[in-house]
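Following: one structure in structure tokens, then a few remarks.
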Amino acid sequence: LPDRGAKRAGLEVHVWKVGWNIENAPAEFRQRRRREGRLQRSSSGTTKEWLDPAIPANVELELAVIREMAARYDIDGIHLDYIRYPSPDFCYSPATKKAFEKNIGYPVRNWPRGVQDGGSLADTFRTWRAKQISDFGWRARYELRGINPTIKLSPAVFRAHPSCPASVGHAWGQA
């Protein structure tokens with residue numbers, strides 16, 4: 001529960017919410033997500049303990065936590081950290097491939113090469129990838145407004161603008 005003393009002192013209470021990155025979550029939670037195939041993968045197939053934003057169950061999990069914080073606690077804001085991809089080499093998971101192919105309407109035959117730098121779909125994939133992160137932010141804002149429209153929502157944006165849409169999927173300078 002938020003510190004009542006902070007409120008009495010006129011301070012706002014903001015939750016710092018880590019998104020996608022589950023590296024510090026309990027081992028059982030991480031292992032279960034791995035078994036379920038819900039983690040991000042690099043272009044070489046290496047799994048990283050970050051939830052894949054292309055998987056609806058992962059988006060729903062993140063939103064459920066945000067909804068719970070907003071509904072149960074007397075907070076003034078939620079600050080979203082790690083609401084991005086870990087690097088330009090993520091995410092090339094089977095779920096990401098399937099979601100991207102659904103979006104463009106045809107299969108990508110040369111995955112992941114065809115969507116990486118130099119590939120015919122590189123720009124399209126970069127834009128789509130960044131949109132996954134932006135769409136999540138907009139959904140979180142929508143969910144919060146339905147619970148308590150006064151709760152503020154802020155993202156921890158990546159410092160390397162304008163390259164951040166390509167590197168970590170932050171399109172904050174384009175919103």
Side-chain angles (χ1 to χ4, degrees), residues 1-26 29-30 32-33 36 38-41 48-93 95-96 99-100 102-103 123-175:
L1 289 170
D3 178 6
R4 301 278 180 232
K7 294 282 191 169
R8 283 193 301 274
L11 299 173
E12 290 189 357
V13 175
H14 292 245
V15 173
W16 189 325
K17 162 81 175 83
V18 173
W20 309 131
N21 181 344
I22 61 168
E23 292 170 339
N24 293 317
F29 179 85
R30 295 189 322 263
R32 192 156 119 217
R33 300 291 105 52
E36 294 168 345
R38 291 173 56 178
L39 301 181
Q40 293 193 34
R41 288 194 196 169
K48 190 159 187 78
E49 290 183 332
W50 284 50
L51 297 174
D52 183 345
I55 298 175
N58 289 342
V59 171
E60 201 42 52
L61 176 65
E62 293 287 351
L63 290 172
V65 171
I66 290 168
R67 284 191 299 265
E68 180 178 356
M69 289 186 294
R72 291 187 62 187
Y73 302 105
D74 182 20
I75 59 174
D76 299 292
I78 299 175
H79 181 70
L80 301 177
D81 200 358
Y82 288 90
I83 208 68
R84 58 178 174 82
Y85 294 93
S87 79
D89 197 34
F90 290 88
C91 178
Y92 298 96
S93 72
T96 293
F100 178 66
K102 182 178 179 185
N103 179 261
D123 290 338
T124 304
F125 182 69
R126 253 192 308 276
T127 300
W128 176 85
R129 185 174 166 267
K131 189 175 182 319
Q132 303 315 293
I133 303 303
S134 297
D135 285 354
F136 177 81
W138 287 111
R139 273 201 66 197
R141 178 71 250 158
Y142 176 81
E143 297 278 344
L144 283 176
R145 282 195 178 139
I147 296 166
N148 181 344
T150 66
I151 293 178
K152 297 170 183 156
L153 182 67
S154 61
V157 296
F158 210 67
R159 67 189 174 276
H161 188 73
S163 66
C164 49
S167 64
V168 295
H170 269 182
W172 59 267
Q174 301 167 0

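Sequence positions, counted from 1, serve as the residue numbers for this chain.
Closest approach of Ile78 to Lys17, counting heavy atoms only: CG2-CB, 4.0 Å. What you find for Pro56 and Ala54 is that their closest heavy atoms are CD-O, 3.4 Å. The two atoms that bring Arg141 and Pro149 nearest to each other are NH2-O, 3.8 Å, heavy atoms only. Of all non-hydrogen atoms in Leu153 and Gly137, the two that sit nearest each other are CD2-O, 3.8 Å. Minimum heavy-atom separation, Trp128 to Ala99: CZ2-CB, 3.7 Å. In terms of heavy atoms, Leu11 sits closest to Asp76 at O-OD2, 4.2 Å.
Under a cut-off of 6.0 angstrom, the local environment of CZ in Phe29 is crowded, with over 12 non-hydrogen atoms contributed by other residues, nucleotides or ligands.
In this structure, the separation between NE2 on His14 and CD1 on Ile151 is 10.0 Å, given to the nearest 0.5 Å. Expressed to the nearest 0.5 Å, how far CG of Asp52 lies from OH of Tyr85 amounts to 7.0 Å. Rounded to the nearest 0.5 angstrom, His79 NE2 and Lys152 NZ are separated by 14.0 Å. Of the inter-residue distances, the one linking Ile147 atom CD1 with Arg72 atom CZ reads 12.5 Å to the nearest 0.5 angstrom.
Counting only heavy atoms from C-beta outward, the side chains of Arg38 and Leu61 approach each other to under 4.5 Å. Contact of the Ile75 side chain with the Asn148 side chain is not registered, since no non-hydrogen atoms from C-beta on lie closer than 4.5 Å.
Of the options Trp20, Trp16, Phe136, Trp50, a ring pair (Phe, Tyr, Trp, His ring centres under 6.0 Å) to Tyr82 is made by Trp50 and by none of the others.
Ionic pairing of Arg33 and Glu49 is not present here: no N-O contact between side-chain nitrogen and carboxylate oxygen is shorter than 4.0 angstrom.
Judged by distance alone, the side chain of Arg129 and the main-chain N or O of Phe90 form a donor-acceptor pair under 3.5 Å. Between the side chain of Thr96 and the backbone N or O of Tyr92, no donor-acceptor pair lies under 3.5 Å. A donor-acceptor pair is defined here as one N or O able to donate and one able to accept, closer than 3.5 Å; no such pair exists between the side chain of Glu62 and the backbone of Asn58. In this structure, the side chain of Gln40 engages the main chain of Leu51 through a donor-acceptor pair within 3.5 Å. Side-chain atoms of Asp81 do not come within 3.5 Å of backbone N or O of Ala156 as any donor-acceptor pair.
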As a quick check of understanding, evaluate side-chain contact (heavy atoms from CB on, under 4.5 Å) for Leu39 and Ile22, giving each step before the final call. CA-CA 9 Å; Leu39 301 181; Ile22 61 168; 3.7 Å; yes
Show the numbers, then the answer: is there a side-chain contact (heavy atoms from CB on, under 4.5 Å) between Val13 and Asp74? CA-CA 8 Å; Val13 175; Asp74 182 20; over 6 Å; no
